[in-house]
Amino acid sequence: MRPYPGRVTETSIRTRFAPSPTGMFHVGGARSALFNWAIARQRPEGRMVLRIEDTDAARNKPEWTDGIIRALALLGINEDDPHFEGPYFQSDFAEKHRETALALYKDGRAYYCDCTREQVQERRDNPNLGYDGFCRDRGLTAGPGRALRFRIPDGGPTIVDDRIRGRVEFEHGAMEDFVVARADGSPLFVLANVVDDVEMRITHVVRGEEHLSNTPKQQLLWEALGHTPPVWAHLPVIVNEKRQKLSKRRDKVALESYLDEGYLPEAMVNYLMLLGWAPGGDREIMPWSEMAPLFALSDVNSSSAFFDEKKLRAFNGEYIRALPLAEFMSRCGPWLADDVAPWPAANYDDAVFRAIAPLAQSRIAVLSEIVPNVDFLFLDAPVEDDQSWNKAMKPGVGAEMLAAAIGRFADPGLVWEAEALKAALEEAGAGLGLKLGKAQAPVRVAVTGRTVGLPLFESLELLGRERVLARLRAAADRLAAQQSAE
RNA sequence: GCCCCCAUCGUCUAGUGGCCUAGGACGCCGCCCUUUCAAGGCGGUAACACGGGUUCGAACCCCGUUGGGGGUACCA
């Protein structure tokens, strides 16, 4: 456990990222973290505090916490950088939260209330407000079944000065005396969050728009505790195609699932930074190192942003193509590993992959796509794809073309090298009145199983004469059997 | 219901009263290149929600309408 940081003397910016570990790490959370991180890094003494809000024991799991820390590290946010502070765990500060709740009561800023949920419902004289303040002046002391409520000051609005949205006014008349501590004394989010922010000397609270309505309550709490509220900034929500806030239930929101598919962390960072913000200058593909210094809260948009996986894909493709070959190969590693690849481990040959990798690099947009592009090299037999087969193996032409190709390729005088193979196939096709485009199709499907793929002749060269001929013959046999059966 | 936020191409955005006959990117379409598919090159499609003001002049300022969204727990 880590104690509160204590007296922080510097006046620099201190931001925080305070996720609750109740599920897979969310792309929206990732963006918030990135924005907070960018701000903290803009000052030599700037800090971003990572605080895990784990007070909801029933919904928290340690693996979610690990997932958050791991994901942040992948995005480049970790303790290796001096701007990082934490992680802290909110549950470690429960005592302070309880003390603060009590202090609020002693100062008369909060009072005990023994109303049940039902009673609150029944008695609401104002149908538009939840709780009517029934226990405000009943002078109740702490006791079983009594929750602690914060007394909203009479009259006047609370004005939240938001860096992104400007002045937002909340009339006190429309705010209910909200609960800060449960009947068992445990504090609620709204309080714990503020207490920690105060203790950690947070200067900028940058979070999702869904927290905007909590803000007047929290600002009142900051003031009741004798502190000047931080700079508030509420980011636009990230929405799905139906313009609803991304939800764990119905949308694909886990950062990890994108990474698992082969989205590069740096592409993800780049894309996420563009949700609600733009560096300007007609540039969008920009490394974090250039973006971070340019980021400013005042430039953040206030309207919701759609998470467009198509655009993410395009970005990812750009980043993949920009990788040096060796780097590209090692990034592909996880998808070629023995335990996940579809081919027998013994068949894999790194030298073969090295030879084919440059051809694949410009053709994939997410790393997982490397597998179907190179599998024919390592599988004992090409994959069976009926659609490809039916398209390329048209009656007559298919069989003729396969036979012609076998004839040419079997010639021992043929140098087994891409250029020569191309010429040979061109001739074979010409003999049947077929241009290369048509002529290569049956061969491609016979050898790789698919109608689309990497450049064919380089592929044939790498596969080797024996295997190519075997596959061509197998396809010819299959085609013959198929046709005699009809 | 109530409180609050938002509103530029399908999408992400540039734009902060004249530089806008509104720019870029993704997507989509066409052409070129080409052994398939990509990549690359070239070109195209497409937006200031609506109505009032303010102003010599509004995408930019104000008001309203409409439409979206968020919040409304003794969850975080």
Side-chain angles (χ1 to χ4, degrees), chain A residues 18-22 53-56 58-60 90 113 115-117 120 126-130 145-149 160 162 164-166 168-171 173-176 178-190 192-193 208-216 234 236-237 239 241-245 271 274-285 301-315 317-318 321 359-365 373 388 392 421-422 425-426 429 435-441 443-445 448 450-458:
Chain A
S20 75
T22 53
E53 305 219 326
D54 57 349
T55 49
D56 186 351
R59 288 162 62 203
N60 294 159
Q90 187 164 63
C113 166
C115 297
T116 62
R117 212 201 212 29
V120 169
N126 179 350
N128 300 326
L129 199 58
R146 292 177 182 178
L148 189 66
R149 286 183 183 273
V160 171
D162 190 283
I164 296 172
R165 284 149 217 285
V168 186
E169 237 178 273
F170 296 86
E171 280 304 330
M175 292 172 70
E176 66 177 329
F178 57 95
V179 175
V180 291
R182 300 182 181 86
D184 66 4
S186 65
L188 262 71
F189 159 78
V190 71
N193 190 262
E209 190 196 328
E210 63 270 23
H211 287 289
L212 186 54
S213 50
N214 283 323
T215 309
H234 289 90
V237 290
V239 299
E241 59 290 335
K242 288 164 71 185
R243 301 246 121 221
Q244 294 162 317
K245 185 174 77 162
Y271 179 70
L274 261 22
L275 256 27
W277 179 76
D282 285 348
R283 264 187 85 196
E284 290 194 323
I285 300 285
N301 259 99
S302 39
S303 47
S304 57
F306 170 59
F307 187 89
D308 185 358
E309 192 173 349
K310 280 233 184 81
K311 185 155 180 171
L312 207 211
R313 244 185 97 78
F315 273 40
E318 294 271 2
R321 273 171 256 130
L359 298 179
Q361 192 170 3
S362 69
R363 272 165 252 258
I364 64 176
N373 272 285
S388 292
L421 290 167
K422 180 182 178 188
L425 196 72
E426 241 164 354
K435 290 190 176 174
L436 230 203
K438 293 285 184 191
Q440 59 92 40
V443 175
R444 179 183 292 281
V445 172
T448 72
R450 298 188 184 83
T451 204
V452 302
L454 269 20
L456 184 61
F457 306 108
E458 286 80 354

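Per chain, numbering begins at 1; letters A, B, ... match sequence-line order.
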Quick check for you: among B:rU35, B:rU8, B:rA76, whose closest atom lies nearest to any side-chain atom of A:S303?
B:rU8

From the set B:rA7, B:rC26, B:rU35, return the single nucleotide nearest to any side-chain atom of A:K310.
B:rC26

Approximate separation, where rounding is to 0.5 Å, of A:E241 CD and A:D308 CG:
10.0 Å

Mind checking A:L312 for me? I need base, sugar-phosphate or nothing, with any heavy atom below 4.0 Å counting as a touch.
nothing

Angle between ring planes, A:H211 versus A:F189, binned at 30° and 60°: parallel, tilted or perpendicular?
tilted

Tell which nucleotide pairs with B:rG18, taking only Watson-Crick or G-U wobble pairs whose two distances are both under 3.5 angstrom.
B:rC56

Nearest-angstrom distance, C1' atom, B:rC61 to B:rU55:
10 Å

Short side-chain N/O contact from A:R321 to OP1 or OP2 of B:rG40, under 4.0 Å:
yes

Could you identify the nucleotide paired to B:rC33, looking across every strand shown and requiring Watson-Crick or G-U wobble geometry with both distances under 3.5 Å?
none

For A:G429, report the nucleic acid contact type (base, sugar-phosphate, nothing); a contact means any heavy atom under 4.0 Å.
nothing

Between A:T451 and A:R444, do the side chains contain an N or O donor and an N or O acceptor separated by less than 3.5 Å?
no

Do A:R444 and B:rU35 share a donor-acceptor pair, side chain to base, under 3.5 Å?
yes

Taking only the P atom of each, what is the distance from B:rG51 to B:rU45 in whole angstrom?
25 Å

N-O pairing of A:E209 and A:R165 below 4.0 Å:
yes

Nearest to side-chain heavy atoms of A:Q244, which nucleotide of B:rC12, B:rG70, B:rC5:
B:rG70

Which part of the nucleic acid, if any, lies within contact of A:H211, taking any heavy atom under 4.0 Å across all strands shown: a base, the sugar-phosphate backbone alone, or nothing?
base

P atoms of B:rG10 and B:rA47, separation to the nearest Å
7 Å

Does A:R363 reach the main-chain N or O of A:L359 with its side chain, forming a donor-acceptor pair under 3.5 Å?
yes

Whether A:R117 contacts B:rC74 is assessed here as follows: a side-chain N or O lying under 4.0 Å from the phosphate OP1 or OP2. Is that the case?
yes

If you only use heavy atoms from C-beta on, which nucleotide in B:rC26, B:rA38, B:rU35 is closest to the side chain of A:R363?
B:rA38

Begin from the C-alpha positions of A:R313 and A:E318 and carry the test salt bridge (charged side-chain N to carboxylate O under 4.0 Å, His left out) through to its verdict.
CA-CA 9 Å; A:R313 244 185 97 78; A:E318 294 271 2; over 6 Å; no

Which value, in whole Å, describes the distance between the P atoms of nucleotides B:rC60 and B:rA22?
16 Å

Please determine, for the side chain of A:F306, which listed nucleotide (B:rC74, B:rC12, B:rG71) has the closest atom?
B:rC12

Look at the side chain of A:K311 and the base of B:rC12, then say whether one donor and one acceptor between them are separated by less than 3.5 Å.
yes

Could you give the CD-to-P distance, from A:E209 to B:rG68, as a whole number of Å?
16 Å

Check if the side chain of A:R165 and the base of B:rC5 share a donor-acceptor pair of N or O atoms closer than 3.5 Å.
no

Please classify the nucleic acid contact of A:A183 as base, sugar-phosphate, or nothing, using heavy-atom distances under 4.0 Å.
base

Report yes or no: does A:D162 contribute a side-chain atom to a donor-acceptor pair with the main-chain N or O of A:I164 at less than 3.5 Å?
yes

Under the salt bridge (Lys or Arg N to Asp or Glu O under 4.0 Å) test, residues paired with A:E458 that sit two or more places apart:
none

Answer yes or no: is there a donor N or O on one side and an acceptor on the other, between the side chain of A:S388 and the main chain of A:R450, under 3.5 Å?
no

Rounded distance in Å - CD (A:E210) to P (B:rC75)
18 Å

Scan every strand shown for a Watson-Crick or G-U wobble partner of B:rC26, both distances under 3.5 Å, and answer none if you come up empty.
B:rG10

What contact category does A:N301 fall into here, base, sugar-phosphate, or nothing, at under 4.0 angstrom with non-hydrogen atoms?
sugar-phosphate

Looking at A:R243, I'd like to know whether one of its side-chain N or O atoms comes within less than 4.0 Å of OP1 or OP2 on B:rC12.
yes

Answer with base, sugar-phosphate or nothing: what part of the nucleic acid does A:A314 contact at a heavy-atom distance below 4.0 Å?
sugar-phosphate

Taking only the side-chain heavy atoms of A:S20 (C-beta and beyond), determine which of B:rC4, B:rU13, B:rA76 contains the nearest atom.
B:rA76

Is A:Q361 touching bases, backbone alone, or none of the nucleic acid, heavy atoms closer than 4.0 Å?
nothing

With rounding to whole Å, what would you report as the distance between B:rA39 and B:rC28 at their P atoms?
10 Å

Let's see if you can work this out: which of B:rG70, B:rC75, B:rC6 has an atom nearest to the side-chain heavy atoms of A:S302?
B:rC6

So which nucleotide from B:rG27, B:rC12, B:rU36 ends up closest to the side chain of A:L274?
B:rC12

So, does A:T55 get its side chain near the phosphate of B:rA76, meaning an N or O under 4.0 Å from OP1 or OP2?
yes

Please determine, for B:rG1, whether a Watson-Crick or G-U wobble partner exists with both distances under 3.5 Å, and give it or none.
B:rU72

Considering residues at least two apart in sequence or located in another chain, which fulfil the ring pair (Phe, Tyr, Trp, His ring centres under 6.0 Å) criterion with A:F178?
A:F150

Let me know the distance between CD of A:E176 and C1' of B:rG71, rounded to the nearest Å.
12 Å

Separation of atom CG in A:L212 from atom C1' in B:rA76, rounded to whole Å:
16 Å

Has A:K245 got a side-chain N or O lying under 4.0 Å from the OP1 or OP2 atom of B:rG71?
yes

Nearest-Å distance once atom C1' is located in both B:rC3 and B:rG44
47 Å

According to a strict under-4.0 Å criterion, is A:R182 in side-chain N/O contact with OP1 or OP2 of B:rC75?
yes

Taking N and O atoms by type only, does the side chain of A:E284 place a donor or acceptor under 3.5 Å from a partner on the base of B:rG24?
yes

Every protein N/O within reach of nucleotides 61-65 of chain B N/O, cut-off under 3.5 Å:
none

